[in-house]
*Asks:* 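Have a look at this one before I ask anything.
Here the structure is a predicted model, which means the values were calculated and not measured.
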Amino acid sequence: MPIAAIQDILDGKYAGKPVSVRGWIYRKRESKKTIFLVVRDASGIIQCTVKTDNPSWTQAEKITIESSVMITGTVKQDKRASGGYEITVEKLSIIGLAETFPITQDKSEEFLRDVRHLWLRSRRMSLIMRVRSEVLRFTHEFFRKEGFIEVSPPMFISSACEGGSTLFGLKYFGKDLYLTQSAQLYLEALIYSLEKVYCVAPSFRAEKSRTIRHLTEYWHIEPEWAFADMDDLMRVEEDLLSYICQKTAEDCKREIESLGADISKLKVVNTPFPRITYTEAIEKLTAKGFKIKWGEDFGYDDEKALAEEFGKPFFVYAYPRQIKAFYCKTHRDNPDLVMSTDMLVPRIGEISTGGAREDDKEELLRRIRELDLREEDYKWYIDLRRYGTVPHVGFGLGLERLLTWMLDLENIIDAIPFPRTTRRFYP
Ligand code: ATP
Ligand code: MG
């Protein structure tokens, strides 16, 4: 007999028919004459009933929560059953009998993090992981559709991209290397042959602060492309975001509703996104009584306050040169500003940073010296401006930050199966 996916049974495809299902025991309840087993597989959960006169009764009595099983029976439509269907069991085979499962209701968040390898079986975590997978699919679909070529950047690097304070160092055959913070510089090298490239890869940040939006290892969606300016950049970025949000609202409706997240928030993500300059953002904050001065970087509270006003994703652009990285292109008519833009969303603040990259060799060298960086560390990167330089742009979007916003997660750690933070690297 073919193995049925539980969701297909709940969708009515097997009403009145014999089926086999495979999965794990999710709940168990006994009465004198019947044992009720709720079985879960990757697609859903269904109640299975075993009667006293069934030869599988002793197996059913013995079975424990999280044991793996194979069940054969008949699908019965039953209005009282959650999901509308249940299985009358004919044969129950235990594949792996579980020891007493350590996760019960009323366990603390901290405990659930310690047993993350088991907590991943929860309905909540599996719903999030499904949406994560879909968001990745939409990301790849979008970039392919736009003619971007997927590339694979290195994880071991020899010089910083985003600045020294969050670099993880490591010994590499006696030499000092680092874990990558961003693929950007490598993507820039690749545009000279492929023009439009992107990657989805891990980035590592030695973030010392504990926040709801920082991991030490996260997945970074990074495109980079040639012959493009700031308008092109913001257009692609808002198109990507609205594509992901619209497709997720359509294809992951069930997951989003089961997670209790607000689907309407995704449906209203349409282009064009609002855009304000950094200077306008400072004026807004000052008007709200914030102490921030022109030239300072936004803190989390500033970003949240700005985002509250828009209630949806928006761009802040044209930042002061002193708070942005060496590779940002300066505005030719105002060298105090760089062509950099952040995308902000409510509650989370920044979810991406992008911009035009300095494409003039002399300007780039000036910035490297201004920031006291070592020119020899960036020799190959400077070469890119030596041989056929072109105006180009790119951005980096944090997958987990995006999911935290999309799914109304309280903390970014639930957006990734095995989160790494300052204090958490087990399991
Ligand atoms: P923040 O100031 O919020 O720490 P950042 O400006 O240092 O972020 P960028 O270097 O701009 O981060 O990285 C691009 C994107 O990568 C960010 O907009 C964010 O979505 C994501 N990101 C950066 N750091 C982290 C982190 N520690 N954990 C998860 N996502 C991150
Ligand atoms: Mg940033």
Side-chain angles (χ1 to χ4, degrees), residues 3 5-7 10 21-28 37-47 63-71 82-83 94-139 200-204 210-221 248 251-261 398-427:
I3 309 284
I6 288 174
Q7 190 58 53
L10 300 177
V21 294
R22 244 179 350 206
W24 292 264
I25 300 296
Y26 182 65
R27 301 242 185 284
K28 178 178 176 180
L37 301 172
V38 178
V39 176
R40 65 169 176 84
D41 70 2
S43 69
I45 58 172
I46 193 162
Q47 176 163 286
I63 210 158
T64 48
I65 298 297
E66 287 304 316
S67 292
S68 45
V69 290
M70 164 103 157
I71 282 175
S82 83
I94 299 176
I95 299 169
L97 187 67
E99 295 177 25
T100 307
F101 199 60
I103 300 178
T104 48
Q105 265 158 15
D106 71 23
K107 290 291 187 199
S108 71
E109 286 286 320
E110 198 57 22
F111 177 81
L112 296 178
R113 286 170 197 176
D114 287 339
V115 295
R116 182 69 161 206
H117 53 300
L118 303 176
W119 180 237
L120 288 172
R121 302 179 184 197
S122 65
R123 181 131 178 82
R124 179 175 165 74
M125 287 310 299
S126 49
L127 289 166
I128 297 171
M129 292 308 130
R130 270 173 185 280
V131 180
R132 179 184 166 107
S133 163
E134 289 294 82
V135 167
L136 278 169
R137 177 164 73 87
F138 304 143
T139 303
V200 182
S203 277
F204 303 89
R210 283 171 54 196
T211 72
I212 62 147
R213 57 177 200 165
H214 287 96
L215 294 163
T216 52
E217 176 183 326
Y218 70 96
W219 285 73
H220 211 165
I221 300 167
T248 306
D251 292 9
C252 306
K253 191 165 175 285
R254 189 145 54 195
E255 285 83 356
I256 291 169
E257 281 168 0
S258 305
L259 284 165
L399 172 63
E400 292 79 12
R401 274 214 198 159
L402 174 63
L403 288 166
T404 305
W405 172 69
M406 289 177 71
L407 298 178
D408 300 333
L409 306 180
E410 262 170 43
N411 191 310
I412 194 168
I413 62 171
D414 280 347
I416 189 163
F418 295 99
R420 266 74 181 106
T421 63
T422 38
R423 293 182 317 142
R424 178 71 57 194
F425 34 81
Y426 173 95

*Asks:* Can you tell me if Thr64 uses its side chain to pair, donor with acceptor, with the backbone of Ala98 under 3.5 Å?
*Replies:* yes

*Asks:* Would you check if the side chain of Ser43 reaches a backbone N or O of Ile6 as a donor-acceptor pair within less than 3.5 Å?
*Replies:* yes

*Asks:* Let's go through Val39 and Ile45 carefully: what are the C-alpha distance in whole Å and the side-chain angles of both, what is the deciding distance for side chain to side chain contact (heavy atoms under 4.5 Å, CB included) to 0.1 Å, and is it a yes or a no?
*Replies:* CA-CA 5 Å; Val39 176; Ile45 58 172; over 6 Å; no

*Asks:* How would you list, by chain and number, every residue that makes a side chain to side chain contact (heavy atoms under 4.5 Å, CB included) with Ser108, sequence neighbours excluded?
*Replies:* Glu110, Phe111

*Asks:* Can you tell me how far OG1 of Thr422 sits from NE2 of His214, rounded to the nearest 0.5 angstrom?
*Replies:* 11.0 Å

*Asks:* Could you state the interatomic distance from CG (Leu37) to NZ (Lys28), rounded to the nearest 0.5 Å?
*Replies:* 6.5 Å

*Asks:* Is the closest basic N to carboxylate O distance between Asp114 and Arg424 below 4.0 Å?
*Replies:* yes

*Asks:* Taking all atoms of both residues into account, what is the closest heavy-atom pair of Ala261 and Asp408, and its distance?
*Replies:* CA-OD2, 3.5 Å

*Asks:* Between Leu118 and Arg121, is any pair of side-chain heavy atoms under 4.5 Å apart?
*Replies:* yes

*Asks:* Which atom names give the shortest non-hydrogen contact between Leu10 and Gly83, and what distance separates them?
*Replies:* CD2-O, 3.9 Å

*Asks:* For Arg210, I'd like to know if atom CZ has over 12 heavy atoms of other residues, nucleotides or ligands within 6.0 Å.
*Replies:* no

*Asks:* Does the side chain of Asn411 come within less than 4.5 Å of Thr404's, by heavy atoms?
*Replies:* no

*Asks:* Take Lys107 and Thr104 through the test side chain to side chain contact (heavy atoms under 4.5 Å, CB included) and record every step on the way to the result.
*Replies:* CA-CA 6 Å; Lys107 290 291 187 199; Thr104 48; 3.3 Å; yes

*Asks:* For Phe425, is the CZ atom crowded, meaning more than 12 foreign heavy atoms sit under 6.0 Å from it?
*Replies:* no

*Asks:* Which residues pass the side chain to side chain contact (heavy atoms under 4.5 Å, CB included) test with Ser68, not counting sequence neighbours?
*Replies:* Trp24, Ile95

*Asks:* In chain order, what residues pass the side chain to side chain donor-acceptor pair (under 3.5 Å) check against Arg132, with sequence neighbours excluded?
*Replies:* Glu400

*Asks:* Kindly give the heavy-atom pair with the smallest separation between Ile416 and Glu217, and that separation in Å.
*Replies:* CD1-O, 4.0 Å

*Asks:* For Ser122, check side chain to side chain contact (heavy atoms under 4.5 Å, CB included) against everything at least two apart and list the hits.
*Replies:* Trp119, Arg124, Met125

*Asks:* Provide the closest heavy-atom pair for Leu127 versus Glu255 in the form atom of the first, atom of the second, distance.
*Replies:* CD2-CG, 3.7 Å

*Asks:* I'd like to check the side chain to side chain contact (heavy atoms under 4.5 Å, CB included) partners of Thr216; sequence neighbours left out, ordered by chain and number.
*Replies:* Phe168, Arg420

*Asks:* Identify the two heavy atoms, one from Ile128 and one from Asp414, that lie closest to each other, and give their separation to 0.1 Å.
*Replies:* CG2-O, 3.3 Å

*Asks:* Quick one, Asp41 and Val21 - any side-chain contact, counting heavy atoms below 4.5 Å?
*Replies:* no

*Asks:* I need the minimum non-hydrogen distance between Arg113 and Pro427, along with the two atoms involved.
*Replies:* O-CD, 3.7 Å

*Asks:* Do Arg116 and Pro419 have side-chain heavy atoms sitting under 4.5 Å apart?
*Replies:* yes

*Asks:* Could you tell me the separation between the OG1 atom of Thr248 and the NZ atom of Lys253, rounded to the nearest 0.5 Å?
*Replies:* 14.0 Å

*Asks:* Rounded at 0.5 Å granularity, tell me how far CD in Gln7 sits from CD1 in Ile46.
*Replies:* 9.5 Å

*Asks:* Does a side-chain heavy-atom distance below 4.5 Å link Thr139 with Val135?
*Replies:* yes

*Asks:* Taking ring pair (Phe, Tyr, Trp, His ring centres under 6.0 Å) as the definition, give me every residue that meets it alongside Tyr218, ordered by chain and number, with sequence neighbours left out.
*Replies:* His220

*Asks:* Which value, rounded to the nearest 0.5 Å, describes the distance between Ile63 atom CD1 and Ile94 atom CD1?
*Replies:* 4.0 Å

*Asks:* So, taking the atom named CZ in Arg130 and the one named CZ in Arg254, what distance separates them when rounded to the nearest 0.5 Å?
*Replies:* 9.0 Å

